[in-house]
**Student:** 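There's a structure below that I have some questions on.
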Amino acid sequence: MEHNLKIYNSLSRQKETFEPLHEGHVGMYVCGPTVYSDVHLGNCRTFVSFDVIYRYLMYLGYKVRYVRNITDVGHLEGDTDSDAEDKISKKARLEQLEPMELVQRHTRSFHHILGILNTLSPSIEPTATGHIVEQIQMVQEILDNGYAYIKNGSVYFNTPKFIQDHGVYGKLSGKRVDDLLSETRDDLKNQDEKNDPSDFAIWIKADERHLMRWPSPWSVGFPGWHLECSAMSTKYLGKQFDIHGGGMDLQFPHHENEIAQNYGACGCMPVRYWMHGNMLLLNGRKMSKTPDPETGKSNSITPVELFSGENEIFSKAYSPMVVRFFMLQSHYRSTLDLTDDALLAAEKGFRRLMEANKVLQGMAYTGKGQEGPLGEELKKLIAQLFEEMNDDFNTPKALAVLFDLVTKANSLKDGRLPIDEVSAETFNLLKKTFREFLYDIFGLKDEMEAGAEGNGITEGLMQLIIDIRQQARANKDWGTSDKIRDALKELDIVLKDSKEGTSWVKG
RNA sequence: GGUCGGGUGGCCGAGUGGCUAGGCAGAGGUCUGCAAAACCUCGUACGGCGGUUCGAAUCCGCUCCCGACCUCCA
């Protein structure tokens with residue numbers, strides 16, 4: 001495969017040339033949501049980031065198996081003391097729902113939102129509850145290998161032994177083993193059953209109140225915090241696979257423990273490239289549905305609130321594609337601060353980009369076939385698009401190049417740049433690449449077109465109105481001409497006059 | 001308290017030693033009946049203090065501020 005894709009590997013803390021385990025194939029696992037409430041926009045950012053990564057890998061020609069789980073067994077809340085309760089059970093109890101009813105509802109809404117954001121479905125989307133057997137098997141394997149112990153029906157991972165034998169624990173998150181073993185934070189109470197504070201549960205015996213429970217060789221209970229991802233990634237991608245992604249906040253303990261479990265079960269490092277997306281901030285703080293203990297408010301906004309404008313944070317509604325474009329304007333490993341000004345700017349930038357694409361796609365080649373300096377420059381910019389993406393999926397830089405091409409396209413259309421200096425081949429490559437970057441790689445779509453789709457009447461009426469205005473203008477009847485323009489503007493329709501005629505755009 | 005990351009022009013956001021990032025906003029101009037759109041030009045930004053270097057936003061030290069993680073979180 002002809003490319004030079006480099007990926008920043010959290011494990012090595014540097015960019016590495018991407019070489020898949022099996023030529024031409026990529027196995028990618030991304031930690032999905034816990035479906036005990038609606039996703040917030042921060043969750044969406046991670047999935048959009050990995051959607052672009054998924055799309056680009058496919059664009060490069062890889063056959064990608066993309067696995068993203070649905071966590072429908074809640075993670076424990078608080079410490080694993082006697083009051084421990086599963087988040088999903090708790091929410092279900094509060095809402096008077098059967099747990100699976102709650103799970104189903106939020107799973108559907110999750111899919112709906114990601115659909116609106118135009119993310120592609122993963123190849124496999126396994127649920128934790130659907131893989132209890134596999135998880136029990138993995139617990140058994142870890143026990144068999146001597147990296148876990150049983151206490152009162154629960155099973156705990158023996159972290160000190162794992163560290164002693166393999167020394168990889170803490171490598172991913174950059175934690176020092178000593179720090180982990182001598183935890184200083186006050187609110188982290190040691191849990192009686194554990195032999196060591198750094199041990200963690202992989203199977204938990206359920207108490208009477210617990211709604212979600214399954215029989216196992218050790219107790220009627222439920223799987224531990226991090227086990228599902230280990231079990232399901234192994235099942236669908238193998239003991240070793242190429243890419244594992246997730247949010248930065250999962251690095252520790254979730255991913256660290258995943259490695260421990262996989263290694264403990266199989267004896268090898270499971271993942272070649274660990275990728276972590278950074279957090280979406282709201283008002284300079286991490287977006288999170290967990291309420292602030294002091295204020296009782298959570299710093300988050302749901303996609304629906306943002307798209308509908310029904311919120312107290314932003315001045316207006318922002319469309320899903322504007323939000324997606326906004327996300328692409330920063331690198332996935334950087335934090336991104338959501339603000340009204342930034343969204344406003346993104347909205348205008350997004351429209352400019354899409355309009356330019358329309359202009360470009362509507363152009364036919366009228367040159368003489370010769371390649372000149374301009375053609376060479378265009379080819380260079382096109383190549384640069386791929387160089388930026390190959391550099392750890394640098395979407396903001398690729399977008400900057402795309403905007404350079406926006407100017408070129410608009411200038412070519414207006415005749416400010418000579419089409420005669422561009423060969424037909426280059427011109428068509430420009431059209432094709434531009435289109436494919438927008439739609440196939442960045443996953444953007446033209447919302448204005450989508451709105452008017454299937455409505456030939458609108459198009460016909462608009463043409464009629466434009467013709468009438470043109471007539472008025474020809475007669476220097478500026479009153480009529482301006483009245484038409486102003487009235488349309490009231491309806492959010494903007495007319496754009498140019499030498500070739502008048503076009504219109506909604507919004 | 002421990003660990004890690006970051007502070008870039010009005011806003012967002014790239015950029016790891018010399019070469020215009022980009023978007024939005026702003027100023028001027030071209031075009032236009034007027035506008036809009038489009039195109040052209042413009043801002044001499046890199047938290048502070050030192051140091052290394054011919055040269056630093058980029059490396060080193062100190063310092064201030066912010067954020068994340070430390071067993072719920074994408």
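Order of the sequence lines fixes the chain letters, A, B, ..., with proteins taken first and strands second; residue numbering starts at 1 for each chain. The analysis underlying the following values was restricted to heavy atoms, covering all of them including side chains, and did not include hydrogens, waters or symmetry mates.
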**Student:** Starting from the 5' end of RNA chain B, give me the residue, A/A345 or A/F47, whose nearest nucleotide shows up first.
**Tutor:** A/A345

**Student:** Just checking A/S288: base, sugar-phosphate only, or nothing, at a heavy-atom cut-off of under 4.0 Å?
**Tutor:** base

**Student:** Could you check A/N257 against A/R13 and say which one's nearest nucleotide on RNA chain B is further toward the 5' end?
**Tutor:**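 Upstream on the strand: A/R13.
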
**Student:** Which nucleotide wins on minimum distance to the side chain of A/K397, given the candidates B/G15, B/G13, B/G23?
**Tutor:** B/G15

**Student:** Consider the side chain of A/F252, meaning its heavy atoms from C-beta on, and name the nucleotide among B/A36, B/C70, B/A14 that approaches it most closely.
**Tutor:**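 Among B/A36, B/C70, B/A14, the one nearest the side chain of A/F252 is B/C70.
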
**Student:** Using a heavy-atom cut-off of under 4.0 Å over every strand shown, decide if A/M248 touches base, sugar-phosphate, or nothing.
**Tutor:** nothing

**Student:** Can you tell me whether the side chain of A/D341 and the base of B/A25 have a donor-acceptor pair closer than 3.5 Å?
**Tutor:**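 No, no donor-acceptor pair under 3.5 Å.
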
**Student:** Considering only the C1' atoms, how many Å lie between B/G18 and B/C62, rounded to the nearest integer?
**Tutor:**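 Going atom to atom, C1' in each nucleotide, I get 27 Å.
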
**Student:** Which whole number of Å gives the distance between the C1' atom of B/U20 and that of B/C46?
**Tutor:** 16 Å

**Student:** Going by salt bridge (charged side-chain N to carboxylate O under 4.0 Å, His left out), name the pairs with one or both residues in residues 321-335 of chain A, residues two or more places apart or in two chains.
**Tutor:**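 Residue pairs with at least one partner in residues 321-335 of chain A: A/D51-A/R324, A/R333-A/D392.
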
**Student:** Say you pick atom P in B/U16 and the same atom in B/C59; how far apart are they, in whole Å?
**Tutor:** 9 Å

**Student:** Within this structure, what is the NE2-NE2 distance for the pair A/H254 and A/H226, rounded to the nearest 0.5 Å?
**Tutor:** 7.0 Å

**Student:** If you check the A/S411 side chain, which of B/A21, B/A35, B/C39 turns out closest?
**Tutor:**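 Per side-chain heavy atoms of A/S411, the pick is B/C39.
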
**Student:** Please state whether the base of B/C11 and the side chain of A/T339 form at least one donor-acceptor pair under 3.5 Å?
**Tutor:** no

**Student:** Tell me which nucleotide among B/A38, B/G15, B/A35 gets nearest to the side chain of A/N410.
**Tutor:** B/A38

**Student:** Is A/F403 stacked on the base of B/G23, with ring centres under 5.5 Å apart and planes under 30° apart?
**Tutor:** no

**Student:** Is the distance between the ring centroids of A/Y54 and A/F393 under 6.0 Å?
**Tutor:** no

**Student:** What about A/R485, does its side chain sit under 3.5 Å from the base of B/A35 through a donor-acceptor pair?
**Tutor:** yes

**Student:** Using the P atom as the reference point in each nucleotide, state the distance between B/G29 and B/A36 in Å, no decimals.
**Tutor:**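 These two P atoms come out 13 Å apart once rounded.
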
**Student:** Determine whether a donor-acceptor pair (one donor, one acceptor, N or O, separation below 3.5 Å) exists between the side chain of A/R416 and the base of B/A38.
**Tutor:**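 Counting by modelled atom types and ignoring angles, a donor-acceptor contact under 3.5 Å is found here.
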
**Student:** Take atom P in B/G17 and the same atom in B/C12, then report the distance between them in whole Å.
**Tutor:** 27 Å

**Student:** Nearest to the A/K175 side chain among B/A36, B/C24, B/C69, which nucleotide is it?
**Tutor:** B/C69

**Student:** Of the nucleotides B/A21, B/C34, B/A68, which one has an atom closest to the side chain of A/R285?
**Tutor:** B/A68

**Student:** Confirm from the modelled atom types if A/S481 and B/G33 form a donor-acceptor pair under 3.5 Å, side chain to base only.
**Tutor:** yes

**Student:** Is a donor from one side chain sitting under 3.5 angstrom from an acceptor on the other, for A/R485 and A/T502?
**Tutor:**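 Result is no, nothing qualifies.
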
**Student:** Would you indicate which nucleotide in B/A35, B/C24, B/C12 comes nearest to any side-chain atom of A/K348?
**Tutor:**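 Selected nucleotide: B/C24.
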
**Student:** Quick check for you: among B/C34, B/A74, B/G22, whose closest atom lies nearest to any side-chain atom of A/D249?
**Tutor:** B/A74

**Student:** I'd like to know if A/D404 reaches the base of B/G23 with its side chain, counting only an N/O donor and acceptor under 3.5 Å.
**Tutor:**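 No, the side chain and the base share no sub-3.5 Å donor-acceptor pair.
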
**Student:** Flag the pair A/W504 / A/I465 as yes when at least one side-chain heavy-atom distance between them is below 4.5 Å, and no otherwise.
**Tutor:**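 The answer is no, as the side chains (C-beta and beyond) never meet within the 4.5 Å cut-off.
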
**Student:** From the list B/A74, B/A36, B/C70, which nucleotide is the closest neighbour of the side chain of A/D497?
**Tutor:**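 In terms of side-chain proximity for A/D497, the closest of B/A74, B/A36, B/C70 is B/A36.
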
**Student:** Could I get the full list of side chain to side chain donor-acceptor pair (under 3.5 Å) partners for A/D477, not counting sequence neighbours?
**Tutor:**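 A/D477 satisfies side chain to side chain donor-acceptor pair (under 3.5 Å) with A/T480 only.
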
**Student:** When the C1' atoms of B/A45 and B/U58 are considered, how many whole Å apart are they?
**Tutor:**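 Result for the C1' pair: 14 Å, nearest Å.
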
